[in-house]
Amino acid sequence: MSKIQTLTGRIRAVMARTLAELEGAAGPAARYLGLTNRRPTLPVRLGLVPALVAGHLAESPPARASLVCLGAAVELVYHSATTFDDLQDKSPKRGNQPSVWSVYGQDQAMNVGVWLLSAAHLAVAQSRLAPAQLGPAHTALARAVGEMTRGQWQDLDGARPGLDACLACGQLKTGGLIALALQWGGIAAGVDARAQKALAGAGHRLGEALQLHDDVEDLLEGFAAGTPQWTALLAAIYPYLEPAAQGQVDAWLAAEPAAPEPAAVAALLRQHGAAQVGLVLAEAAARAGLGLLQDAGLTEADIAAVTGAMGLKHG
């Protein structure tokens, strides 16, 4: 078994243990995440980042234990955020499986989301971080949840922000979580304040890049689900559309007379090069994030491991 597989198994074990303390054995959140199955249904990805940033395999057992707990906390925060995000967006699916509210109903999904976030706090509290590290770790968690919620507020307020505001929203929603994972790795590694600031900045820019990568798919899924949405890609291409095309987009977003077929939206996006625009914007954000990771002292091998865990290709 590889070191990554071993670490993943330990992260899932902490997730299962902390959830069991809060919702009982084999509770709904644990069942949804597949933590009660021998063959897990959801992978651990972002939870690997704190360990990878800290050098992945710190030699002392307390350091290894703290990284496992922090990795579990990252995963729990992520699943809490997606639970509320899907509930508020009325998204019936998360990836290839039904969303939490589709399984348990809207009211109970809120309880699952709170359990997941509470379990994240518990995982941090049970980590073996030194007292001087524990306070900053809790502060980073509180700030990240606040940033992600602010991004979600902006996403739901019904306005049509410009491109810069759309990109800032991605930095808050997705970037806030990645910044947390990177910061926790830096805290566990004992880096200074300058490096921690660079890690947080890298997380925000890499989150922006990831959000842009998903933008086309999210846009089409939103229209298909009858919940059309304004995204960074639409904000980027809208000013350059012909008036007739702008009117078509306006009608789609207002669902007048009805939400369009996703194929019609995809055709408009292709016609105006939205995917290429998104790629250019995402690459610029990723380059900025990678530069900040270098400023924080990560080697090329470290950066490749971290970005690989996020699903981003480096180089």
Applying the 4.5 Å side-chain criterion to the ILVMFWY set and letting contacts propagate, would [X] and [Y] be lumped into a single cluster?
X	Y	answer
Leu76	Leu87	no
Leu253	Val216	yes
Trp252	Leu233	yes
Leu269	Leu281	yes
Leu212	Leu172	no

From CA spacing to verdict: side-chain contact (heavy atoms from CB on, under 4.5 Å), Leu182, Met310: CA-CA 11 Å; Leu182 291 169; Met310 295 179 197; 4.3 Å; yes

With a 4.5 Å cut-off on side-chain heavy atoms, are [Y] and [X] touching?
X	Y	answer
Phe84	Thr149	no
Leu234	Asp215	no
Leu293	Leu206	yes
Trp115	Pro28	yes
Leu70	Ile187	no
Leu290	Ile303	yes
Tyr32	Val112	no
His213	Leu279	yes

Residue list, ring-ring contact (aromatic ring centres under 6.0 Å, His included) with Tyr238, at least two apart or on another chain: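 In terms of ring-ring contact (aromatic ring centres under 6.0 Å, His included), with neighbours along the sequence ignored, Tyr238 is linked to Trp230.
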
Closest non-hydrogen atom pair between [X] and [Y], with its separation:
X	Y	result
Ala286	Ala209	N-CB, 3.9 Å
Val53	Gly185	CG1-C, 3.8 Å
Pro50	Val74	CG-CG2, 4.0 Å
Ala236	Pro239	O-CD, 3.8 Å
Ala123	Ala73	CB-CB, 4.1 Å
Val14	Ala72	CG1-CB, 3.5 Å

Does the side chain of [X] pick up a donor-acceptor pair with the side chain of [Y] at under 3.5 Å?
X	Y	answer
Gln126	Glu21	yes
Ser99	Ser102	yes
Gln108	Asn111	yes
Gln211	Lys173	no
Thr82	Asp85	no

Could you tell me whether a side-chain N or O of [X] sits under 3.5 Å from a main-chain N or O of [Y], the two making a donor and an acceptor?
X	Y	answer
Tyr78	Leu177	no
Gln5	Ser2	yes
Arg128	Leu67	no
Arg150	Cys169	no
Ser80	Gly113	yes

Steps toward side-chain contact (heavy atoms from CB on, under 4.5 Å) verdict (Trp184, Gln133): CA-CA 9 Å; Trp184 274 347; Gln133 296 171 316; over 6 Å; no

Working to the nearest 0.5 Å, report the span between [atom1] of [X] and [atom2] of [Y].
X	Y	atom1	atom2	result
Leu122	Leu117	CG	CG	11.5 Å
Thr8	Lys3	OG1	NZ	14.0 Å
Met110	Gln88	CE	CD	10.0 Å
Leu199	His204	CG	NE2	11.5 Å
Arg10	Cys69	CZ	SG	11.5 Å
Leu167	Leu163	CG	CG	4.5 Å

Might you confirm whether atom [atom1] of [X] has over 12 heavy atoms from other residues, nucleotides or ligands at distances under 6.0 Å?
X	atom1	value
Lys90	NZ	yes
Asp157	CG	yes
Arg17	CZ	yes

Which residues share a side-chain contact (heavy atoms from CB on, under 4.5 Å) with Ser91, sequence neighbours left out: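 With sequence neighbours excluded, Ser91 shows a side-chain contact (heavy atoms from CB on, under 4.5 Å) to Asp86, Asp89, given in chain and number order.
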
Qualifying residue, where the test is side chain to side chain contact (heavy atoms under 4.5 Å, CB included) with Leu116 and the options are Val100, Leu33, Val77, Leu22: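 Exactly one pass, corresponding to Leu33.
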
Worked check of side-chain contact (heavy atoms from CB on, under 4.5 Å) between His79 and Met15: CA-CA 11 Å; His79 289 296; Met15 293 171 67; 4.3 Å; yes

Step-by-step side chain to side chain donor-acceptor pair (under 3.5 Å) determination, Glu147 to Gln171: CA-CA 9 Å; Glu147 286 183 351; Gln171 289 187 24; over 6 Å; no

Carboxylate-amine/guanidinium proximity below 4.0 Å for Arg205 and Glu208: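 Salt bridge between Arg205 and Glu208, a charged N being under 4.0 Å from a carboxylate O: yes.
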
Verdict with supporting geometry, Leu134 and Ser127, side-chain contact (heavy atoms from CB on, under 4.5 Å): CA-CA 8 Å; Leu134 199 53; Ser127 70; 3.9 Å; yes

